[in-house]
Amino acid sequence: MTYNPYTSAPPVKSASSSTSATDPLFGFLPRNVNVKQVLKAMDGDVNPFTRQPHSEQYKKILQIRKKLPVFAQMEDFLKMFSENQIIVMVGETGSGKTTQIPQFVCYSDLPHTKRKLVACTQPRRVAAMSVAKRVADEMDVQLGKQVGYSIRFEDMTEPGTTFLKYMTDGMLLREAMNDPNLERYSTIILDEAHERTLATDILMGLLKSLAKRRPDLKIIIMSATLDALKFQKYFSITENGEPAPLFKVPGRTHPVEVFYTQDPEPDYVEAAIRTVLMIHRAEDPGDILLFLTGEEEIEDACRKIKLEADDLMNQDPESVGPLVCIPLYSSLPPQQQQRIFDPAPPPRVPEGPPGRKVVVSTNIAETSLTIDGIVYVVDPGFSKQRVYNPRIRVDSLLVSPISKASAQQRAGRAGRTRPGKCFRLYTEKDFMTELEEQTHPEILRSNLANVVLELVKLGVKDLVRFDYVDAPAPETLMRALELLNFLAALDDDGQLTALGSIMADFPLDPQMAKMLIVSPEFRCSNEVLTIVAMLSVPNVWIRPPNQRKEADAAKAMMSVPDGDHLTLLNVFNNYMQNKHDRNWAWNNYLSQRALAQAENVRAQLQHTMERFDIDLVSTDDQRKLYTGIRQALCCGFFMQVAHKEGEKGAYITVKDNQVVALHPSCGLDTQPEWVIYHEFVLTTKPYIRTVTEVKAEWLLEFAPQYFDMSAFPDGETKRALLRVQNKRSRKAIEGANGNSKGIERPSKKARK
DNA sequence: GAGCACTGC
């Protein structure tokens, strides 16, 4: 007998040979389980999911779990879960919701009895892994068996056995592309929904409509308090328009006292340094966390704090202790990131004033990393945020004021182990009136080419009318549709083409997917695969401040004069040839970590290519190979072309007419007339970065729709293109005439 | 003659 999810489920009978006496779940009615039943099963000697005796460790952990705030509310939760399809849940840090709620769900939903899974999504890979590990311990099972996780590059689940799966939100979205009804799942929990990642936002839209098609699917949205009402209203799917029910769990944190400045601070870095030193001099022992915006600012501040703190200590060793300053940002190697967990330094002399640790961090310490022992937070109120300008199609990073929610999150970092203090370097009035409530969700700040392709593949017909939690600007959607149409991923009616369907299966930007898919036609798919992988990982070049010359020289050795894309290929090939030498990357000022990551991505993409029978080919002729690669590049990135104007090295982007300069990191040895660029960065001025020379002929040949002269804005770029076009047509005519006279020309070529 | 906020597939 197969289980039909659309009918009410029978109570659990002894599934195998066991009897009621030995089956801890005997008599459990799926989705109608009460707290007494669950507690009895949890307290029993036999693990209900493995039928093995519970370990001693299990019982110890269970005692700790029972003290979590959420545990006391199991009864209410089970009731609400039984009675509703969708629940919005709020719980502050320390409530235990991420570990406990999915377990409660399993006891009620009993996914293993119907060959289904409970999924719990996380915005970050590390969280998915570490929470799964913790929950496997709590349930007394081996990680990867009944409880597992699934993230890119690593599937720690066992089909048929795993019934509770932690996963990244992006991973669930990928799964939805091949199974729009998400049939494998009986309950889906979206955790950290308030972070509003692109993937979580899209999943919310999908789940809302899926809830109607699959009345048997239960959905739980977990978030921080501030956003609850918005989600409750959004998930109001009953006829009478009632908001989705709310389940509240108290947190368990210590109070944090917040201080504001009297007047606005003109220089937040200087004010931050001053505040850190003030705390060090005048406040009780306890570590400090200072939020700044980027690598350079952080390294600079660390140097200054260190200098001044040493000064203070030398002047007044009786009352000022030693201080260590630790920088923290994502591009730091993991080993150095670990330093944030080092204890504060000991007093310099026995019985002397105690030492203090200062962590100077980007936003990474706001959500991704928690540092225990922080008592003081210094918050200047800024972070770097991505903004997308659809008009000129440019992504950039801007230092912007944070939101109130962000400021609260930062303050909370001071109260994790004991009561703390937060020093905000802005006025209370500014906090109240100037800061936005929430950070704008990613979907409002991003280029959506990828998302649109995914949605179309998911079967969403009308992208503009899709039920978004927050709808993106129509212009952003139009830009994405336009790009996908030029790439032939969508036809003129907005329908997914066969090519587009393949493109969507690659975890890549559409331009790169296109370039990879066409690369066998240019006999260079091996190489394009490498380039695409290298473009998908963080910067491989390392440039230590005191060894810039050496680093630049090492880079010059590896550079290919025709373009940075070819240089990336060269770097990867050299890396592979020197893999036996563990110091090779370091000696060449390259990031071992990024290169290893590229290798990983390359293997994954190769696997996808094989699935679609896309050939992996190369040619032996180096010249032809490089030409082929640059032509394939044109097929994907024809909308990112710049034309040299004048002799001073200024470039103008085609159609968008932005004046840009080659980025100083660019390895071209000349300034070619036409270049393709991988990214447009707006820093001190507009730059194009990762640049390769191309020929105008190729653009006309491989992207005729985009380079249609009748629809091209007037200007120097158009005149240059027209000259090339005329030359091409003259050649074509001469070629045709030549052919009509005989085989003179081709035979000459053949003799060469 | 500059710089990678942070995630994710």
Which part of the nucleic acid does [X] contact within heavy-atom distance under 4.0 Å: base, sugar-phosphate only, or nothing?
X	answer
A/Pro538	base
A/Phe153	nothing
A/Ile151	sugar-phosphate
A/Ile364	sugar-phosphate
A/Gln385	nothing
A/Tyr687	sugar-phosphate
A/Ser383	nothing
A/Arg689	sugar-phosphate

When rounded to the nearest 0.5 angstrom, what distance separates CG in A/Leu496 from OG in A/Ser501?
-> 5.0 Å

Counting side-chain heavy atoms from C-beta on, which of [options] comes nearest to [X]?
X	options	value
A/Arg386	B/dA2, B/dT7, B/dA5	B/dA5
A/Arg125	B/dA5, B/dG1, B/dC9	B/dC9
A/Thr168	B/dA5, B/dG8, B/dA2	B/dG8
A/Asp552	B/dT7, B/dC9, B/dA2	B/dA2
A/Arg152	B/dC9, B/dA2, B/dT7	B/dC9

In whole Å, I'd like the distance from the [atom1] atom of [X] to the [atom2] atom of [N].
X	N	atom1	atom2	answer
A/Gln122	B/dC9	CD	P	12 Å
A/Asp169	B/dT7	CG	C1'	8 Å
A/Phe506	B/dG8	CZ	C1'	18 Å
A/Glu442	B/dG8	CD	P	11 Å
A/Ile542	B/dA2	CD1	P	22 Å
A/Gln597	B/dC9	CD	C1'	13 Å
A/Leu172	B/dC9	CG	C1'	12 Å
A/Leu332	B/dC6	CG	C1'	15 Å

With a 4.0 Å cut-off, would you call [X] and [Y] a salt bridge?
X	Y	answer
A/Arg548	A/Asp552	no
A/Arg393	A/Asp656	yes
A/Arg124	A/Glu195	yes

A/Arg174 to A/Ala504 - nearest heavy-atom pair and separation |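 Heavy atoms of A/Arg174 and A/Ala504 come nearest at NH1-O, 3.0 Å.
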
Near DNA chain B, which residues from residues 189-199 of chain A have a heavy atom under 4.0 Å away?
->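 Per residue number, the list is empty: none.
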
Answer yes or no on whether A/Arg445 is positioned over the face of A/Tyr388, meaning its NZ or CZ is under 6.0 Å from the six-membered ring centre and within 45° of the axis.
->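 Ring-cation test returns no.
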
Who are the ring pair (Phe, Tyr, Trp, His ring centres under 6.0 Å) partners of A/Phe680, not counting sequence neighbours?
-> none

Residue whose closest nucleotide on DNA chain B lies nearer the 5' end, A/Val537 versus A/Arg124 |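 That would be A/Val537.
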
Donor-acceptor pair, side chain of A/Gln385 and main chain of A/Leu397, under 3.5 angstrom = no

Check whether any side-chain N or O of A/Thr293 sits under 4.0 Å from OP1 or OP2 of B/dA5, and answer yes or no.
->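 False: A/Thr293 side-chain N/O out of range (4.0 Å or more) of B/dA5 OP1/OP2.
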
